[in-house]
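Residue numbers run from 1 in the order of the sequence given. Quick caveat, the model's predicted, so the values are computed rather than measured.
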Amino acid sequence: MSEKWDKRFLDLATHISSWSKDPSTKVGCVVVGEDREIRSTGFNGFPRGIKDDEERLADREQKYPLICHAEENAIMHAARTGISLKGNTAYVTWPPCSRCTRSLIQAGVSEVVYPADINIPDRWQDDFATASAMMEEAGVKVRKA
């Protein structure tokens, strides 16, 4: 895809990330087909029907077991609506963690694009290294735009 389209889809993922109610981290994902059609979107948040009040979101002990990451939500939304993501590109506002990488690989996503200017906190370095190695081994192309 061209630089122009990469920017458009990353900008859209950034907009979608703003829909997250998480007070500490907002992540967005847009999954795009080979003809630049949007196949699915997602942002980090609790599953449907699970109360996402400020108290729960502010308490990491409560939040972490409940939260769905943006990539997971995009994949689950596609599954819920019967849309295949095989051979698609995922545009994310943050590099995928190992948990999301497993899901992206299993969903058949063939490429992941995230912003080049991301500063990854030290606490995530090992997990992102694992995720990167998984994508490389599985043949998922990774690009920074």
Which heavy atom in [X] sits nearest to a heavy atom in [Y], and how many Å separate them?
| X | Y | result |
| --- | --- | --- |
| Lys51 | Arg56 | O-NH1, 3.0 Å |
| Pro96 | Val92 | CD-CG2, 4.1 Å |
| Asp22 | Ser24 | OD1-N, 2.8 Å |
| Val112 | Met135 | CG2-SD, 3.8 Å |
| Gly33 | Arg39 | N-CG, 3.5 Å |
| Lys21 | Lys26 | C-NZ, 3.9 Å |

- prompt: Any idea how Trp19 and His15 line up, ring-wise: parallel (<30°), tilted (30 to 60°), or perpendicular (>60°)?
  reply: perpendicular

Are [Y] and [X] linked, directly or through intermediate hydrophobic residues, by side-chain heavy-atom contacts shorter than 4.5 Å (ILVMFWY only)?
| X | Y | answer |
| --- | --- | --- |
| Ile105 | Val31 | yes |
| Val32 | Phe43 | yes |
| Trp94 | Ile16 | no |
| Leu10 | Ile38 | yes |
| Val109 | Val113 | no |

Working to the nearest 0.5 angstrom, can you tell me the gap between [X] [atom1] and [Y] [atom2]?
| X | Y | atom1 | atom2 | answer |
| --- | --- | --- | --- | --- |
| Ile67 | Ile50 | CD1 | CD1 | 12.0 Å |
| Asp52 | Leu66 | CG | CG | 10.0 Å |
| Thr25 | Trp124 | OG1 | CH2 | 8.0 Å |
| Ser20 | Asn44 | OG | CG | 3.5 Å |
| Glu72 | Met76 | CD | CE | 5.0 Å |
| Thr101 | Glu71 | OG1 | CD | 7.5 Å |

N/O donor-acceptor pair under 3.5 Å between [X] side chain and [Y] backbone:
| X | Y | result |
| --- | --- | --- |
| Asp11 | Phe9 | no |
| Ser40 | Ile75 | no |
| Ser17 | Thr14 | yes |
| Glu55 | Asp53 | no |
| Gln125 | Ile120 | yes |

- prompt: Is there side-chain contact between Lys7 and Tyr91, with at least one heavy-atom pair below 4.5 Å?
  reply: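 They are not in side-chain contact.
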
task: Find out whether Ser98 and Met134 are in side-chain contact, i.e. whether some heavy atom of one side chain is under 4.5 Å from a heavy atom of the other.
output: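 They are in side-chain contact.
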
task: Evaluate the criterion salt bridge (Lys or Arg N to Asp or Glu O under 4.0 Å) for residue pair Asp59 and Lys63; output intermediate values, then yes/no.
output: CA-CA 6 Å; Asp59 180 355; Lys63 176 177 72 171; over 6 Å; no

- prompt: When you look at CD of Glu37, are more than 12 heavy atoms from neighbouring residues, nucleotides or ligands closer to it than 6.0 Å?
  reply: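 Check passes, neighbour count above 12.
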
query: What do you reckon, is CD of Gln62 surrounded by more than 12 foreign heavy atoms closer than 6.0 Å?
result: yes

